[in-house]
Amino acid sequence: MNPVRNPFAPGAGTRPPELSGRVGLLEETSVAIGRAKLRRPVKSMIVVGLRGVGKTVLLNEFDHMARDAGCRTILIEAHEVKPLPDLLVPPLRQLLLEFDRLGTLSEAVKRGLRVLKSFMGSVRLKYGEAEIALEIDPEVGAADSGDLEIDLPAVFQAVGQAAIDRGQTVVLLIDELQYLKQREMSALIMALHRINQDRLPILMFGAGLPQVLALAGKSKSYAERLFDFPRVGSLSDADAADAIRKPIEAEGERITPAALSALIAQTQGYPFYLQEWGYQAWQVARESPIDVADIEAATAVSIRRLDESFFRVRFDRLTPREKDYVRAMASLPGSGPYRSGDVADALGLPVRTVGPIRNNLIAKGMIYAPAYGDTAFTVPLFELFLRRVMS
């Protein structure tokens, strides 16, 4: 079949041709944006799920929805080593400067810029090699204590007041939230709490691996009252079938029911894998309909590609001891979760000895703890990769 017309999009955060199985979540998002614009009480949202389930795709979709609704959006990605203020200040600066250019002189916007300047001084922020320039005097006594839990709420409050003055709603979107330090998550939660109390038009959508739930809970006990935490995972068989069949039929081609079932079985309904298998099945099929033999050929290509890139990149980031730990996990039967004690036994070491390794792997986003004493991979089917390279 014509490779130019291949509808599938296996990539990091690339929107699939059919956003299947997420209609309810998109409807909730639309309502939240609408309520934020009216300054009605609304919870922010953190989408939680494993790698490859489409969290970033959803966050990008929320961004489009917010902009289509007339909101100003800030989209950032948390980083393992870059502090939260370094990520937030440049887009907040740009936002406030845009507010400043919208119309007549606004004291609320000017104050927002002064508060941001104070915050920049308190965190000694630099962007690249040069300090970010903001030609305005700081607001003395506001957001300048050096305590992020005090200063960030003051910044959000000033930005929210500036947004009201300009008739704007601000939607903040943060991907990879699990990389925030606990102090940063606590400050972010406190800032959103202040926004909710003052009914200011700022709404946050976030996305993160399952450990973000524990991070939020440890940071502030009232996090569950500020956020909804929808979980996203593999698609149902019906939704997975739609994700494959509809794009193929939209191009005037077909896939047999048996081939569709085989593809879903291989991918276990995980959205990223559905796109990878769908793409490869289209590439190897000589003619329509795509059949079981095409899925078998696509499986060989897909597994090789995943082993060489998606899986290998994550494995190569690990230290030798961390590699030993995940190999020990994969040596246990099943797909997890695995008991931490069983992993330690497989390594021939006491649990307390391997605890720091486990913590490092959680910090790197490789594993998470679905329950006390349990350990599971954040990348679906990763244990199969490890068993392949171990054999």
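Keep in mind that the numbers below use all heavy atoms, side chains included, and drop hydrogens, waters and symmetry copies.
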Pair Asp100 + Lys110, salt bridge at N-O below 4.0 Å: yes

With hydrophobic residues grouped by side-chain heavy-atom distances under 4.5 Å, do Leu26 and Val53 end up in a single group? yes

Closest approach of Pro91 and Ile76, non-hydrogen atoms and distance? CG-CG2, 4.2 Å

Taking atom CZ of Arg254 as the centre, does the number of heavy atoms from other residues, nucleotides or ligands within less than 6.0 Å exceed 12? no

Asp291 and Thr256: side-chain donor and acceptor closer than 3.5 Å? no

Would you say Phe156 and Leu97 are hydrophobically clustered, going by side-chain heavy atoms of ILVMFWY under 4.5 Å? yes

Taking everything shown except Lys181 itself, do over 12 heavy atoms lie less than 6.0 Å from its NZ? yes

Can Lys364 and Glu322 be said to form a salt bridge (Lys or Arg N to Asp or Glu O under 4.0 Å), step by step? CA-CA 10 Å; Lys364 287 185 175 181; Glu322 290 166 353; 2.8 Å; yes

Is a donor on one side and an acceptor on the other found under 3.5 Å between the side chain of Lys55 and the backbone of Gly49? yes

One thing to verify: whether Asp86 and Lys82 come together as a salt bridge, which I'm taking to mean a side-chain N less than 4.0 angstrom from a carboxylate O. no

In terms of side-chain geometry, is the basic nitrogen of Glu80 or Arg317 positioned less than 4.0 Å from the acidic oxygen of its partner? yes

Between Trp282 (side chain only) and Trp277 (backbone N and O only), is there a donor and an acceptor less than 3.5 Å apart? no

Is there a donor-acceptor pair closer than 3.5 Å between any side-chain N or O of Ser309 and the backbone N or O of Arg305? yes

Is the count of non-hydrogen atoms from other residues, nucleotides or ligands lying under 6.0 Å from Arg39 atom CZ greater than 12? yes

Do the ring planes of Tyr270 and Tyr273 sit parallel (below 30°), tilted (30 to 60°) or perpendicular (above 60°)? perpendicular

Taking the six-membered ring for Trp, is the centroid-to-centroid distance between Phe311 and Phe385 below 6.0 Å? yes

Looking only at the side chains, is there a donor atom on one of Gln178 and Glu176 sitting less than 3.5 Å from an acceptor on the other? yes

Could you check whether Glu98 pairs with Arg72 (Lys NZ or Arg NE/NH1/NH2 to Asp/Glu carboxylate O, under 4.0 Å)? yes

List the steps and the verdict of salt bridge (Lys or Arg N to Asp or Glu O under 4.0 Å) for Arg339 and Asp374. CA-CA 5 Å; Arg339 298 295 297 170; Asp374 283 351; 2.7 Å; yes

Arg314 charged N/C atom sitting above Phe310 aromatic ring, 6.0 Å / 45°: yes

From Leu50 CG over to Thr378 OG1, what is the distance, rounded to the nearest 0.5 angstrom? 7.0 Å

Answer yes if the side chains of Arg166 and Ser106 hold a donor-acceptor pair under 3.5 Å, and no otherwise. no

Can you find a side-chain donor-acceptor pair between Glu276 and Gln280 that sits under 3.5 Å? yes

Are Leu59 and Met65 linked, directly or through intermediate hydrophobic residues, by side-chain heavy-atom contacts shorter than 4.5 Å (ILVMFWY only)? yes

Would you mind checking if Glu107 and Arg114 are paired as a salt bridge, meaning a charged N to carboxylate O distance below 4.0 Å? yes

Is the shortest side-chain N to carboxylate O distance from Asp307 to Arg388 below 4.0 Å? yes

Find out if a path of hydrophobic residues (ILVMFWY) with successive side-chain heavy-atom gaps under 4.5 Å connects Leu384 to Met390. yes

Test item: Thr267 side-chain N/O and Ile264 main-chain N/O as donor-acceptor pair under 3.5 Å: yes

I'd like to know if Arg194 pairs up with Glu149 as an ion pair, taking the criterion as any Lys NZ or Arg NE/NH1/NH2 lying under 4.0 Å from an Asp or Glu carboxylate oxygen. no

Should Arg321 and Asp324 count as an ion pair when the cut-off is N to O under 4.0 Å? no

Is any side-chain N of the basic residue among Arg22 and Glu61 closer than 4.0 Å to the acidic one's carboxylate O? no

Any donor-acceptor N/O pair, Ser288 side chain to Glu253 backbone, under 3.5 Å: no

Kindly determine whether Ser20 and Asp242 satisfy side-chain hydrogen bond (donor to acceptor under 3.5 Å, both in side chains), including the steps that lead there. CA-CA 7 Å; Ser20 184; Asp242 284 345; 4.6 Å; no

On the 0 to 90° scale, with breaks at 30° and 60°, tag the Phe315-Phe382 ring pair as parallel, tilted or perpendicular. tilted

For Arg40, is the CZ atom crowded, meaning more than 12 foreign heavy atoms sit under 6.0 Å from it? no

Between the CG atom in Leu200 and the CD1 atom in Ile164, the distance rounded to the nearest 0.5 Å is 4.5 Å

